[in-house]
Amino acid sequence: MMNRLPMSVTASTPSFADDTPGRAPGLVLGIESSCDETGVALVHASGQGVPRLEAHALHSQIEMHQAYGGVVPELASRDHIRRVLPLATQVLAAAGRSLAEVDVVAYTRGPGLAGALLVGSGVACALGAALGRPVLGVHHLEGHLLSPFLSADPPEFPFVALLVSGGHTQLMRVDAVGEYQILGETIDDAAGEAFDKSAKLMGLGYPGGPALSRLAETGDPAAFKLPRPLLHSGDLDFSFAGLKTAVLTQARKLGDALESRKPDLAASTQAAIVEVLLKKSMAALRQTGLRRLVVAGGVGANRELRQRLNAACLVARVRVHYPELHLCTDNGAMIAMAAAMRLQSGRAQAGRDYSFDVRPRWPLDAIDT
Ligand SMILES: Nc1ncnc2c1ncn2[C@@H]1O[C@H](COP(=O)(O)OP(=O)(O)OP(=O)(O)O)[C@@H](O)[C@H]1O
Ligand SMILES: [Mg+2]
């Protein structure tokens, strides 16, 4: 049966003292299971330099949920159960490592779907207990936020972060690992949700963000006048709920002509979302006086957003960093990385109390609670 790890419980002595805050954690196994992707990764941190990704593996459940037009939580949990151990075996083999070499087991503690989070947390704590290794629960958004450190050109602190995922849209001032000040956020839908809901109205399936942006490449972004909510609000908050209503109204108005005008409607929708994200990010940079921008989360894969941000940052002499394209959406690498960086910085300690809870709702500014 595949669901069995090659386990050697007579594990070697850990290569680090986990009760020394700020010590390099060694080899960190990270498990992500907060929503519809199961991710497992190994990150190694031997000194104070940026931890190094050794291997990662991912299973996306998108195909399974597509038939329902969105994520079905119970199906998601069941699939995580099926996938997590085979993925761990795959990652260990790819890195040429044995389970006995793992120094810390990290997992996503929240936010996310409760049942899905329980799978990763349960497996991580069971592994930690069996190996006699400490475990650490990680905040999923901190994983996204620190994911650009997995790229070949990692950022340096401090920076402004634009976190644009399926469930969150936030601008943050980031001074160090764990020091996150929210400058502005969405008051309703997230940017990813705006992409997905507009795509659904156009019959582009789920999740529609990537499909909508592909279609937009052949459309005219000025074809339809769509709202740019809160663009001139004077603060750094966002609102995207009105946009999908405007897209729906436009789609109804087009009627039978919608089919042939879909690329134009997609391009106009994308232009509205991107313009708001761009203007608010540049305002956050001006407001903080910082000259570095980090973009994270699934919408960070959007090509138009990257092009517009790159052009504006060039003019403003701001360095801009993105996660690698395949690490923009959920993955285990960002969870292992966030754990390694938290341990390295002394912001967190991995523990040997293998009881666990999950935090389905967990604001990033309450990360230490
Ligand atoms: N190229 C793209 N253009 C626009 N949107 C995209 C693109 N690629 C992915 N997305 C969007 O990114 C979102 C998924 O990103 P991610 O996995 O970071 O979010 P999530 O994990 O579901 O949400 P959260 O992390 O807030 O819980 C979806 O809304 C998807 O449509
Ligand atoms: Mg996510």
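Note that the structure is a prediction, hence the values are computed from the model and not measured. Note that these values count all heavy atoms, side chains included, but never hydrogens, waters or copies made by symmetry.
In this structure a side-chain-to-backbone donor-acceptor pair under 3.5 Å is present from Arg306 to Gly300. In this structure a side-chain-to-backbone donor-acceptor pair under 3.5 Å is present from Ser268 to Phe224. Although no hydrogens or angles enter the test, the distance criterion places no donor-acceptor pair under 3.5 Å between the side chain of Asp264 and the main chain of Gly219. Looking only at distances, no side-chain donor or acceptor of Thr169 sits under 3.5 Å from a matching main-chain atom of Thr186. Between the side chain of Arg173 and the backbone N or O of Glu179 there is no donor-acceptor pair closer than 3.5 Å. Not one N or O on the side chain of Gln307 forms a donor-acceptor pair closer than 3.5 Å with the backbone of Glu304. No side-chain donor-acceptor contact under 3.5 Å links Gln181 to the backbone of Leu183. The main-chain N or O of Ile335 is never found under 3.5 Å from a side-chain atom of His140 such that the two would form a donor-acceptor pair. For Gln344 (side chain) and Pro25 (main-chain N/O), no donor-acceptor pair under 3.5 Å exists by modelled atom type.
Within the 4.5 Å cutoff, side-chain heavy atoms of Leu27 are placed close to those of Glu54. In this structure, Pro263 and Glu217 have side chains that are not in contact, with every pair of non-hydrogen atoms separated by 4.5 Å or more. With contacts defined as side-chain heavy-atom distances shorter than 4.5 Å, the pair Pro155/Phe149 qualifies. Within the 4.5 Å cutoff, no side-chain heavy atoms of Leu117 are placed close to those of Arg359. Leu75 has its side chain out of reach of Asp79: every pair of non-hydrogen atoms, C-beta onward, lies at least 4.5 Å apart. The closest side-chain heavy-atom distance from Leu230 to Ile187 is below 4.5 Å. Contact annotation: the side chain of Met337 approaches that of Val50 to within less than 4.5 Å [non-hydrogen atoms, C-beta and beyond]. You'll find the side chain of Gln66 stays beyond 4.5 Å of the side chain of Tyr68, heavy atoms only.
Under a 4.0 Å N-O distance rule, the pair Asp237/Lys280 does not qualify as a salt bridge. Residues Asp188 and Lys244 are not paired through a salt bridge, judged by the lack of any N-O separation under 4.0 Å between the basic side chain and the carboxylate. For Asp368 and Arg342, the salt-bridge test passes: some basic side-chain N is under 4.0 Å from an acidic carboxylate O. Classification of Lys262 and Glu259 as a salt-bridged pair holds, one side-chain N sitting under 4.0 Å from a carboxylate O. With respect to Glu275 and Arg308, no salt bridge is recorded, no charged nitrogen being found less than 4.0 Å from a carboxylate O.
Leu285 and Tyr180 sit in two unconnected hydrophobic clusters of ILVMFWY residues. Membership requires side-chain heavy atoms under 4.5 Å apart, directly or through other members. Linking ILVMFWY side-chain heavy atoms closer than 4.5 Å, directly or via other members, places Met172 and Tyr322 in two distinct hydrophobic clusters. Both Leu201 and Phe240 are members of a single hydrophobic cluster when ILVMFWY side chains are connected at heavy-atom separations under 4.5 Å. A continuous path of ILVMFWY side-chain contacts below 4.5 Å connects Val276 to Val274, so both sit in one hydrophobic cluster. Hydrophobic cluster membership differs between Ile81 and Met64, with clusters built from Ile, Leu, Val, Met, Phe, Trp and Tyr side chains linked at under 4.5 angstrom.
Considering all non-hydrogen atoms of both residues, Leu277 and Ser281 come closest at O-OG, 2.6 Å. Residues Ala114 and Pro360 share a closest heavy-atom pair of CB-CG, 3.8 Å. Heavy atoms only, all atoms of each residue included: Ala296 and Ser147 are closest at CB-OG, 4.2 Å. Counting all heavy atoms, side chain and backbone alike, Val295 lies closest to Pro148 at O-CG, 3.9 Å. Nearest heavy atoms, Ala340 versus Val43: CB-CG1, 3.9 Å. Of all non-hydrogen atoms in Ala316 and Met282, the two that sit nearest each other are CB-CE, 3.8 Å.
Between the CG atom of Leu248 and the NZ atom of Lys253 there is a distance of 11.5 Å, given to the nearest 0.5 Å. Within the model, atoms OG of Ser165 and CG of Leu141 stand 6.0 Å from one another, a figure rounded to the nearest 0.5 Å. With rounding to the nearest 0.5 Å, the separation of CD1 in Ile273 from CZ in Arg228 is 10.0 Å. The CG atom of Asn310 sits 9.0 Å away from the CG atom of Leu305 when rounded to the nearest 0.5 Å. One finds the OG atom of Ser198 at 11.0 Å from the CD atom of Gln270 (value rounded to the nearest 0.5 Å). Distance check: Leu163 CG to His144 NE2 gives 6.5 Å after rounding to the nearest 0.5 Å.
A tilted orientation is assigned to the rings of Trp362 and His139, their planes being inclined by 30° to 60°.
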Next on the checklist: Apply side-chain hydrogen bond (donor to acceptor under 3.5 Å, both in side chains) to residues Ser151 and Glu324 and explain how you reach the verdict.
Outcome noted: CA-CA 6 Å; Ser151 68; Glu324 289 185 30; 5.7 Å; no

Next on the checklist: Run Asp103 and Arg23 through salt bridge (charged side-chain N to carboxylate O under 4.0 Å, His left out) and show every step you take.
Outcome noted: CA-CA 12 Å; Asp103 292 304; Arg23 274 280 290 274; over 6 Å; no

Checklist entry - Between Glu37 and Asn331, does a side chain to side chain contact (heavy atoms under 4.5 Å, CB included) hold up when you go through it step by step? => result CA-CA 7 Å; Glu37 258 109 18; Asn331 62 83; over 6 Å; no

Checklist entry - Given Thr38 and His80, is the side-chain hydrogen bond (donor to acceptor under 3.5 Å, both in side chains) satisfied, shown in steps? => result CA-CA 6 Å; Thr38 323; His80 287 306; 2.9 Å; yes

Checklist entry - Would Val84 and Ser33 count as a side chain to side chain contact (heavy atoms under 4.5 Å, CB included) if you check the C-alpha gap in whole Å, the side-chain angles of each, and the deciding distance to 0.1 Å? => result CA-CA 8 Å; Val84 65; Ser33 71; over 6 Å; no

Next on the checklist: Between Leu327 and His56, is the side chain to side chain contact (heavy atoms under 4.5 Å, CB included) condition met? List the steps.
Outcome noted: CA-CA 10 Å; Leu327 297 177; His56 84 109; 3.7 Å; yes

Checklist entry - When you look at Thr108 and Asp330, which way does the side chain to side chain contact (heavy atoms under 4.5 Å, CB included) test go after all the steps? => result CA-CA 11 Å; Thr108 305; Asp330 292 351; over 6 Å; no

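Two rings, from Phe159 and Phe157, have their centers less than 6.0 Å apart.
Around atom CZ of Arg303, no more than 12 heavy atoms belonging to other residues, nucleotides or ligands sit under 6.0 Å away.
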